[in-house]
Amino acid sequence: MAMTPLEELRHSAAHMLATAVLRLWPDARLDIGPPTETGFYYDFDLKHRFTEEDFAKIEAEMAKVAKEDQPFVRKEVTREEAKKWFESRGQTFKVGRLADIPEGEPITFYTNGDFTDLCAGTHVKSTGQVKAFKLLSVAGAYHRGDEKNAQLQRLYGTAFTKREELETYLKQLEEAKLRDHRKLGKELDLFLIDDEVGPGLVLWTPNGAIVRQEMQKFLSEELAKRGYEQVFTPHIGRLGLYRTSGHFPYYRESQYPPLVDGETLEQMAKEKCTCADLSNRISKGEIEGYLLKPMNCPMHIRIYASRPRSYRDLPVRLAEFGTVYRWEQSGELNGMTRVRGFTQDDAHIFCTEEQVAKEVEGCLEMVRLVLDTLGINEFRVRVGLRDPASDKYVGAKELWDKAEKAVKEAAKKLEVKTSEEPGEAAFYGPKIDFVVKDVIGREWQLGTVQVDYNLPERFGLTYTGSDNAKHRPVMIHRAPFGSLERFTGVLIEHFRGAFPVWLAPEQARFLPVNEQMIAYADKLAADFKAAGLRVTVDAKGDKLGAQIRRGQLDKVPFLLVCGNREAEAGQVAVRSREKGDEGAQAAAAVKDRIVELVKNRR
RNA sequence: GCCGGCUUAGCUCAGUGGUAGAGCAGCGGUUUUGUAAACCGCUGGUCGUCGGUUCAAAUCCGACAGCCGGCUCCA
């Protein structure tokens, strides 16, 4: 468990934070304070509620500790000594943490000044070395990450070896906020989440709708090339369908409650039934209802099952931009990246067991194509497997073993680093997820490929083999974008709102330098539109400088200045988002250039 | 869902118990403009919602909603 020098520094800063807090609030109980990827935190339990107003005071105390230049002293102690030490000080969390240390392992204390912590180390030599630090936020955090336990107060901070590095990091944080898709989405009028419509429900405004349309068009072309067939299915379906799939019993708390018809509700009201009765009778299947679909697969399965299938038909690949609804906890909602209604670029492949490997490979290739096309090259690949201790999965162990084997082998062939993570599987099967980070470092799952032996079993799916016997197909669930909402949110941040030409809501804007030039600009705009481009004319009558400024802020890729000189020669003065002023060029050539960029999805 | 913070005009924000403000946007006018902001005027707000304290509440208290940062969760 060797720490990097930076981790040592931050870990030491965490101890100094605890030192300072104990000086200011001696009744504080301490839990743990490790370094993190970008800083450190320490968890406390105390009566006083930390607010950001306390930070200056705590930081000042930490600075004193630094000035005192207390050496960090390591001392090996016996379990008894450690227990007595913390018990006598009322540090019950520390006593609990002590019990985690396996017998035979050394138990060590680290002391700086009057503060002693149970700690495996390591640390810098003395507190004087930690000078560039800052507290950043306070948040609730459950003890041992379990919501059944007490909720502690977590103070987050960061530390660097040099003050300049800290300043740079803080500046980066500020800049990241400017890239936040929630801010840019508002500024560029891409989407809206309206309180009256409902939390977590995205309204795609015209600009955002263009981005989404282009992405769907892109994917639709790829689907056609790869032998997929597109389908449409409704937003609700009978509860029975989701009982069969397992969604209703297994993930009931993550769904909007079932819809029950008016007559039944009235009848139940007459019988003076309580909500609990209603809920009970729905669970028992005594009342039929409908569910807002949490996933598309059951409906695609019913399409597959709608007629006999031969091995010659396989693989059957059914695709849909299917909108699903999930009851995410209120505290989880986040802009477009975590919502309650979203559209998956979903597809389900029904194939033979022999075909699984090749099909999974094809899916992974498609995910890579999507990420490559959009220039997203910072992602990690997670192989989600069963949590052996959990009962939240459907299906037999043997089927899971087969599916996990298939997924692991497919992942091995990917030319990127993958990490196997138990507990990250879907309830019906293991999966390969592509995970990216947003501007503030939070991870989001985008594309996913999942192998499923269970739902075909639950729905009794079959195909007729060459031996004229019935066989069970295997299902592959896959979504290269994952959800269009989340993907778009990530894309907005990735491009800082400056979408490549093919995705840009407005691809070019004509800027007439005076009133007479509006007619010329209009004529060119009509010509560009006829070529399939999205263009506008800025006819507000401002000076060119103001038009340019507006165009830049709107992140239009091409600003085309129309002045008297250009009009005479059939030209426009090009100002591109990337290169700036490119001078006067033939309008027709500029049109061709933009059309070409769009064609190549650049 | 939990802990903490926040919510004032379309947007960004000022306003600490005494008659709601600015900039930008919008609208009207003047200007006809050459590579990141022309000028003048006007419109626009039950200060998130509901309740309480007070002679008086954007401001103090409470409940609820939404948002933000974490935690938990995430098929």
Side-chain angles (χ1 to χ4, degrees), chain A residues 41 43 45 49-54 136-156 177 180 182-183 186-187 189 193-196 198-200 242 245-247 250-255 293-298 324 326-335 337-340 344 384 392-394 423-429 431 433 440 442-445 448 450 452 454-455 477 479 486 511-518 540-553 559-566 573-575 580-584:
Chain A
Y41 66 81
D43 285 346
D45 183 39
R49 296 279 143 193
F50 291 129
T51 67
E52 299 199 4
E53 277 150 36
D54 296 325
L136 296 174
S137 63
V138 52
Y142 299 107
H143 175 53
R144 295 181 186 276
D146 188 335
E147 60 183 326
K148 288 185 211 80
N149 290 343
Q151 189 163 47
L152 311 176
Q153 300 186 69
R154 176 172 297 178
L155 289 173
Y156 281 96
K177 278 188 203 148
D180 191 309
R182 292 166 296 191
K183 185 174 165 65
K186 206 179 273 181
E187 284 171 9
D189 201 1
I193 295 174
D194 183 303
D195 207 8
E196 290 201 32
Y242 297 100
S245 68
H247 288 94
Y250 282 85
Y251 283 93
R252 186 164 174 182
E253 70 286 353
S254 308
Q255 291 157 185
K293 67 177 172 187
M295 284 187 74
N296 301 303
C297 27
V324 298
R326 298 178 189 180
W327 186 260
E328 304 290 359
Q329 298 190 81
S330 57
E332 279 308 332
L333 299 176
N334 187 78
T337 47
R338 189 78 185 267
V339 293
R340 285 189 174 152
Q344 298 178 309
K392 63 175 187 176
Y393 305 103
V394 298
E424 291 293 332
F427 80 89
Y428 47 73
K431 53 186 192 149
D433 293 329
I440 30 188
R442 290 184 288 211
E443 288 200 319
W444 301 102
Q445 175 202 315
T448 182
Q450 314 171 352
D452 177 8
N454 283 311
L455 292 184
H477 309 238
R486 179 175 288 178
L511 310 181
V513 300
N514 58 46
E515 217 166 54
Q516 296 79 50
M517 284 300 111
I518 292 177
K540 288 168 95 139
D542 283 306
K543 296 212 299 198
L544 184 59
Q547 294 178 305
I548 297 275
R549 179 181 148 80
R550 205 156 39 231
Q552 296 276 8
L553 290 176
L559 297 175
L560 306 174
V561 177
C562 303
N564 301 59
R565 293 197 297 271
E566 287 81 13
V574 177
R575 185 183 172 111
D581 193 348
E582 295 183 20

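Every chain is numbered from 1, with letters handed out A, B, ... down the list of sequences.
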Report the nucleotide, chosen from [options], that has the shortest atom-to-atom distance to any side-chain atom of [X].
X: A/Gln255; options: B/A38, B/A75, B/U35; result: B/A75
X: A/Leu553; options: B/G69, B/A36, B/C71; result: B/A36
X: A/Tyr142; options: B/G1, B/U35, B/A36; result: B/G1
X: A/Lys186; options: B/U12, B/G66, B/U33; result: B/U12
X: A/Val513; options: B/G70, B/A36, B/G34; result: B/G34
X: A/Arg565; options: B/C2, B/A36, B/G34; result: B/G34
X: A/Leu544; options: B/U35, B/A75, B/C74; result: B/U35
X: A/Arg182; options: B/G5, B/C74, B/G69; result: B/G69
X: A/His247; options: B/A38, B/G69, B/A75; result: B/A75
X: A/Ile548; options: B/U35, B/A75, B/G70; result: B/U35

So what does [X] hit on the nucleic acid, given a heavy-atom distance under 4.0 Å: a base, only sugar-phosphate, or nothing?
X: A/Gly541; value: base
X: A/Tyr250; value: nothing
X: A/Pro199; value: sugar-phosphate
X: A/Arg442; value: sugar-phosphate
X: A/Ala141; value: sugar-phosphate
X: A/Glu566; value: base
X: A/Asn334; value: sugar-phosphate
X: A/Gly580; value: nothing
X: A/Tyr156; value: sugar-phosphate
X: A/Ala425; value: sugar-phosphate

| Ring geometry between A/His477 and A/Tyr428 (parallel below 30°, tilted from 30 to 60°, perpendicular above 60°) |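 A/Tyr428 and A/His477: parallel rings.
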| said: So does A/Phe50 get a backbone contact from the side chain of A/Gln153, meaning a donor-acceptor N/O pair under 3.5 Å? | reply: yes
Any side-chain heavy atom of [X] sitting closer than 4.5 Å to one from [Y]?
X: A/Arg326; Y: A/Tyr251; value: no
X: A/Tyr142; Y: A/Lys148; value: no
X: A/Leu560; Y: A/Leu511; value: no
X: A/Asn564; Y: A/Asn514; value: yes
X: A/Val138; Y: A/Thr51; value: no
X: A/Lys293; Y: A/Tyr242; value: yes
X: A/Arg340; Y: A/Trp327; value: yes
X: A/Arg182; Y: A/Asn334; value: yes

Looking at [N], I'd like to know if its phosphate oxygens (OP1 or OP2) sit under 4.0 Å from a side-chain N or O belonging to [X].
X: A/Lys148; N: B/C2; result: no
X: A/Ser330; N: B/G1; result: yes
X: A/Tyr251; N: B/C74; result: no

| Earlier contact from the 5' end, RNA chain B, for A/Arg49 and A/Ile440 |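 Looking at the nearest nucleotide for each, A/Arg49 comes out on the 5' side.
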| If you find the nucleotide of RNA chain B closest to A/Gly145 and the one closest to A/Gly331, which residue's nucleotide is nearer the 5' end? |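 That would be A/Gly331.
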[M] and [N], which share atom name [atom1], separated by this distance in whole Å:
N: B/C6; M: B/G10; atom1: P; value: 23 Å
N: B/A58; M: B/G1; atom1: C1'; value: 31 Å
N: B/U49; M: B/A57; atom1: P; value: 15 Å
N: B/C73; M: B/G5; atom1: C1'; value: 22 Å
N: B/U31; M: B/C39; atom1: P; value: 16 Å
N: B/G23; M: B/U16; atom1: C1'; value: 24 Å
N: B/A38; M: B/C24; atom1: C1'; value: 15 Å
N: B/G70; M: B/G18; atom1: P; value: 37 Å

Table of protein N/O atoms under 3.5 Å from nucleotides 22-27 of chain B N/O atoms:
residue	atom	partner	partner atom	Å
B/G26	OP1	A/Lys540	NZ	2.6

| request: Confirm from the modelled atom types if A/Arg338 and B/C73 form a donor-acceptor pair under 3.5 Å, side chain to base only. | output: yes
| message | Is it the case that B/C2 (base atoms only) and A/Gln151 (side chain only) share a donor and an acceptor within less than 3.5 Å, ignoring hydrogens and angles? | response |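 Flag set: donor-acceptor pair detected.
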| field | Ring-on-base stacking B/A75 with A/Phe427 (under 5.5 Å, under 30°) | value | no
| Ion pair present between A/Asp542 and A/Lys540, side-chain N to carboxylate O less than 4.0 angstrom? |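 No, no charged N to carboxylate O under 4.0 Å.
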Round to the nearest Å and state the distance from [X] atom [atom1] to [N] atom [atom2].
X: A/Asp195; N: B/A65; atom1: CG; atom2: P; value: 11 Å
X: A/Asp54; N: B/G4; atom1: CG; atom2: P; value: 13 Å
X: A/Asp542; N: B/G29; atom1: CG; atom2: C1'; value: 14 Å
X: A/Glu196; N: B/G66; atom1: CD; atom2: P; value: 13 Å
X: A/Leu559; N: B/U35; atom1: CG; atom2: C1'; value: 9 Å

| message | Any donor-acceptor pair under 3.5 Å linking the side-chain atoms of A/His143 with those of A/Asp43? | response | no
| request: Return yes when atom CD of A/Glu53 has more than 12 non-hydrogen atoms of other residues, nucleotides or ligands closer than 6.0 Å, and no otherwise. | output: no
| query | Which dot-bracket string fits RNA chain B when only Watson-Crick or G-U wobble pairs with both atom distances under 3.5 Å count, crossing pairs get [ ], and | stands for a partner on a different strand? | reply | (((((((..((((....[..)))).(((((.......))))).....(((((..]....))))))))))))....
